[in-house]
Visitor: 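Sharing a structure here in structure tokens format.
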Amino acid sequence: QVQLVESGGGLVQAGGSLRLSCAASGRTFGNYAVGWFRQAPGKEREFVAAVTRSGGSTLYADSVKGRFTISRDNAKNTVYLQMNRLKPEDTAVYYCCAGVSVLSYSNRRSYDYWGQGTQVTVSA
């Protein structure tokens with residue numbers, strides 16, 4: 001069982017930056033791949049980024065590639081999402097998730113555990 005708690009969301013102007021954190025409970029955090037998804041009002045939850053168990057490989061949605069960076073520190077049981085050059089269309093609730101056997105990193109059904117989400121609002 002893994003419990004995930006996101007933090008770091010808030011209100012920022014377009015062009016600004018935020019860093020989200022996802023803190024996990026449990027001693028076997030390194031056994032889980034971790035992803036970030038987001039959901040804007042009235043829209044489906046969409047994939048943002050993912051990192052493998054070791055942190056050696058990452059994957060990004062085209063819409064955030066070059067602006068967002070996902071990383072993890074397994075010693076601290078934490079995954080980060082550094083978001084730069086934010087745009088109003090990045091406004092959403094951001095969720096982190098973890099999965100043991102992730103076959104498709106961009107598919108939300110691949111993940112077993114989800115956090116409660118953190119709101120990110122980007123003003124124009």
Side-chain angles (χ1 to χ4, degrees):
Q1 187 83 12
V2 174
Q3 291 185 325
L4 305 171
V5 178
E6 301 97 334
S7 61
L11 174 63
V12 64
Q13 287 188 329
S17 299
L18 283 174
R19 188 175 82 156
L20 304 184
S21 298
C22 174
S25 64
R27 294 176 295 175
T28 59
F29 183 58
N31 291 341
Y32 296 85
V34 176
W36 284 96
F37 285 71
R38 66 187 182 187
Q39 189 166 17
K43 293 189 176 181
E44 297 259 331
R45 191 170 298 190
E46 65 174 6
F47 171 74
V48 175
V51 61
T52 56
R53 290 177 288 182
S54 67
S57 294
T58 56
L59 180 69
Y60 297 94
D62 288 342
S63 58
V64 307
K65 201 171 292 183
R67 300 188 297 123
F68 291 10
T69 303
I70 188 171
S71 62
R72 68 188 298 163
D73 185 340
N74 285 343
K76 295 183 178 180
N77 280 9
T78 303
V79 170
Y80 305 98
L81 185 68
Q82 177 67 43
M83 306 186 295
N84 298 327
R85 304 203 308 273
L86 283 160
K87 305 175 181 179
E89 50 263 44
D90 294 318
T91 295
V93 177
Y94 283 69
Y95 299 89
C96 78
C97 50
V100 174
S101 300
V102 176
L103 299 180
S104 172
Y105 288 94
S106 61
N107 188 335
R108 61 185 180 180
R109 294 175 179 82
S110 297
Y111 298 90
D112 305 305
Y113 304 102
W114 291 81
Q116 82 289 348
T118 185
Q119 176 71 46
V120 171
T121 303
V122 184
S123 62

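Position 1 is the first residue of the sequence, and the numbers go up from there.
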Visitor: Does atom CD of E46 have more than 12 heavy-atom neighbours from other groups under 6.0 Å away?
Guide: yes
Visitor: For the residue pair D112 and G99, what are the closest heavy atoms and their distance?
Guide: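 Nearest pair, atom of D112 first, then G99: OD2-CA, 3.5 Å.
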Visitor: Return the set of residues passing salt bridge (Lys or Arg N to Asp or Glu O under 4.0 Å) with R67 (not counting sequence neighbours), or none when no residue passes.
Guide: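 By the salt bridge (Lys or Arg N to Asp or Glu O under 4.0 Å) rule, R67 matches D90.
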Visitor: How long is the straight-line distance from CG of L11 back to CD of Q119, given to the nearest 0.5 Å?
Guide: 9.5 Å
Visitor: Filter on disulfide (SG to SG under 2.5 Å), then keep only pairs touching residues 54-124, sequence neighbours left out; what's left?
Guide: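 Output for this query lists C22-C96.
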Visitor: Can you name the nearest heavy-atom pair linking A124 to A14, along with the distance?
Guide: CA-CB, 4.4 Å
Visitor: Applying salt bridge (Lys or Arg N to Asp or Glu O under 4.0 Å), can you list everything that pairs with K65, at least two apart in sequence or on another chain?
Guide: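 Listed in chain order: D62.
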Visitor: Output the rest of the hydrophobic cluster of F47: all Ile, Leu, Val, Met, Phe, Trp and Tyr residues reachable through side-chain heavy-atom contacts under 4.5 Å, sorted by chain and number.
Guide: F37, L59, V93, Y95, V102, Y105, Y111, W114
Visitor: Would you name the heavy atoms of S21 and T78 that are closest together and state the gap between them?
Guide: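 So the minimum-distance heavy-atom pair works out to CB-CG2, 4.3 Å.
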Visitor: Test of understanding: with side chain to side chain contact (heavy atoms under 4.5 Å, CB included), list the residues that count as partners of S104, not counting sequence neighbours.
Guide: S106, N107, S110
Visitor: Verify, without hydrogens or angle tests, whether N84 (side chain) and T69 (backbone) share a donor-acceptor contact under 3.5 angstrom.
Guide: no
Visitor: Looking only at non-hydrogen atoms, find the nearest pair between G9 and T118 and report the distance.
Guide: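 Here G9 and T118 meet closest at N-OG1, 3.2 Å.
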Visitor: If you group Ile, Leu, Val, Met, Phe, Trp and Tyr whenever their side-chain heavy atoms sit less than 4.5 Å apart, what else falls in with V51?
Guide: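 V12, L18, L20, F29, V34, W36, V48, Y60, V64, F68, I70, V79, L81, M83, L86, Y94, V120, V122, all in the cluster of V51.
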Visitor: Would you name the heavy atoms of R85 and S17 that are closest together and state the gap between them?
Guide: N-OG, 4.3 Å
Visitor: Any side-chain to backbone donor/acceptor pair from Q13 onto S123? Under 3.5 Å, distance only.
Guide: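 Side chain of Q13 to backbone of S123, a donor-acceptor pair under 3.5 Å: no, none is there.
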Visitor: So does V5 get a backbone contact from the side chain of Q116, meaning a donor-acceptor N/O pair under 3.5 Å?
Guide: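 No, the answer is negative, given that no donor and acceptor are paired below the 3.5 Å cut-off.
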Visitor: Whether the side chain of S57 engages the backbone of T52 through a donor-acceptor N/O pair (distance < 3.5 Å, no angle test) should be reported.
Guide: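 Looks like no, no N/O pair under 3.5 Å.
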Visitor: Of the non-hydrogen atoms in G30 and R72, which two are nearest, and what is the gap between them?
Guide: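 Minimum heavy-atom separation between G30 and R72: CA-NH2, 4.1 Å.
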